[in-house]
Amino acid sequence: MSTRDRLRIAVQKSGRLSEPSLDLLARCGLKFRQSRDKLFCFGETLPVDLLLVRDDDVPGMIADGVCDLGIVGRNVLAEQVGEGKDAVRELRALGFGPCRLALAVPLDFDYSGPGQLAGLRIATTYPNLLGEWLRGAGVEARVVTLSGSVEIAPRLGTADLICDLVSSGATLAANQLKEVAIVLESEAVLAGAAQRLTDERGELVDMLLRRIEGVIQVRVSKLVMLQAPRTAIDAIARLLPRGQRPTVVPVEGSDDDVALQAVCTDAITWQHLEDMKRAGARQMLVLPVEQMLA
Ligand code: PRT
Ligand code: ZN
């Protein structure tokens, strides 16, 4: 183990996770000065530096102690843990980069269950996760490991079906494939060494986790303000999504009406608003929350 006193976080250099990862760290109050080669960013606000790398390298860099933390898809982390990187674990799901590792078959394939896959060839870039799923389902199939362009394998005749990442499903549709089973639900996660750091870096990790918690809370939290007849307060309060108990204040010039405000930590939908309107609420406002300290 190295004796660095500054914490190092590995983040994807360019790709789907780059921008949301840097945005999350910025919201946690971390500011970086980018170096000329753009691979190393020096942390100016805290002793926390960034390494910009390929997502596939993140688990290995943590396992080797080159970095202490990393932001990576659960799919990449879980696949590599299967390759012996078991010193690395998921510390927290981050709520962005959602996708699923799924099995997809040609449109004319009449899928009825895993048993039907016995003896078939499945193309994937995730042989460990697929192998584990097949073992769990008690099916013996042939795993064809590719390094990319998995979705064209059935048309090329190199596989009967595929196991690949899906988000909107547009890529599958464009290749005349349909999704039939989910192998892993994924999103970006904060990964770190399974063994907790005992020096100052351990405290930095704890602080970062607390800030991430706050940032994620704020992302969904909303301040709801509305007016309603005093008699409707209870009914409306019951319809509010989970959060703080509402504050009720008088409305100038009216004995019957009150104003109500509450911070909701669960998402608010149009349905919530319509239900509250039916219960007597008027002039409803839903405002974003900028910062929160309970
Ligand atoms: O260069 P580097 O190795 O760092 O990047 P990369 O090309 O390996 O990764 P990148 O940027 O494509 O993805 C990084 C991470 O984003 C993945 O590991 C996932 O955790 C997450 N993610 C979320 C996705 C998707 N959604 C996704 N849709 N990764 C890939 N895809 C691909 C998928 O493989 C398929 O080809 O997009 C296509 C399907 O998309 P839909 O919307 O058509 O279903
Ligand atoms: Zn990659």
Side-chain angles (χ1 to χ4, degrees), residues 16-17 19-30 71 73-75 90-102 165-170 173 179-190 205-294:
R16 288 167 206 263
L17 304 184
E19 212 186 293
S21 300
L22 295 175
D23 179 66
L24 173 70
L25 296 175
R27 284 172 194 272
C28 289
L30 302 183
I71 297 180
R74 178 181 296 136
N75 47 298
E90 177 175 330
L91 302 180
R92 198 194 198 292
L94 299 175
F96 59 86
C99 58
R100 51 204 183 272
L101 183 64
L165 294 180
V166 182
S167 47
S168 68
E179 191 177 334
V180 292
I182 294 178
V183 171
L184 180 81
E185 294 275 7
S186 185
E187 64 185 283
V189 303
L190 184 73
V205 172
D206 292 343
M207 188 199 66
L208 194 62
L209 280 167
R210 277 197 304 276
R211 292 192 185 181
I212 287 175
E213 197 63 47
V215 169
I216 291 177
Q217 271 286 310
V218 160
R219 205 178 278 158
V220 286
S221 293
K222 295 281 186 279
L223 172 65
V224 181
M225 299 169 74
L226 55 86
Q227 291 193 7
R230 197 177 285 279
T231 50
I233 295 176
D234 283 348
I236 292 171
R238 274 196 299 274
L239 292 169
L240 282 169
R242 197 163 57 98
Q244 292 170 355
R245 307 239 321 262
T247 308
V248 178
V249 290
V251 171
E252 182 66 21
S254 165
D255 289 337
D256 300 334
D257 287 344
V258 289
L260 190 146
Q261 73 179 48
V263 172
C264 295
T265 50
D266 272 356
I268 296 167
T269 61
W270 282 107
Q271 191 61 51
H272 282 119
L273 298 185
E274 281 162 21
D275 291 347
M276 288 192 284
K277 188 165 182 63
R278 226 169 291 125
R282 294 185 322 271
Q283 291 167 323
M284 285 178 275
L285 282 180
V286 180
L287 307 172
V289 173
E290 184 71 29
Q291 270 177 327
M292 204 156 80
L293 194 64

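This structure is a prediction, so every number in the text was calculated from the model and none was measured.
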Step-by-step salt bridge (Lys or Arg N to Asp or Glu O under 4.0 Å) determination, Arg27 to Asp23: CA-CA 6 Å; Arg27 284 172 194 272; Asp23 179 66; 3.0 Å; yes
Can you name the nearest heavy-atom pair linking [X] to [Y], along with the distance?
| X | Y | result |
| --- | --- | --- |
| Ala93 | Val189 | CA-CG1, 4.0 Å |
| Arg282 | Pro229 | NH1-CD, 4.2 Å |
| Val263 | Ser221 | CG1-CB, 4.4 Å |
| Arg219 | Leu94 | NH1-O, 3.5 Å |
| Val224 | Cys264 | CG2-SG, 3.8 Å |
| Ser186 | Gly73 | OG-C, 4.1 Å |

May I ask you to test the [X]-[Y] pair for a side-chain heavy-atom distance under 4.5 Å?
| X | Y | result |
| --- | --- | --- |
| Val218 | Gln291 | no |
| Leu226 | Leu273 | no |
| Arg100 | Val166 | yes |
| Thr247 | Leu260 | no |
| Ser254 | Arg230 | no |

Value rounded to 0.5 Å, distance of [atom1] in [X] from [atom2] in [Y]:
| X | Y | atom1 | atom2 | answer |
| --- | --- | --- | --- | --- |
| Ile216 | Glu213 | CD1 | CD | 6.5 Å |
| Ile268 | Met284 | CD1 | CE | 10.5 Å |
| Cys99 | Arg74 | SG | CZ | 9.5 Å |
| Leu25 | Arg211 | CG | CZ | 11.0 Å |
| Gln271 | Leu239 | CD | CG | 10.0 Å |
| Leu24 | Leu208 | CG | CG | 7.5 Å |

Flag if over 12 foreign heavy atoms under 6.0 Å of CD, Gln217: yes
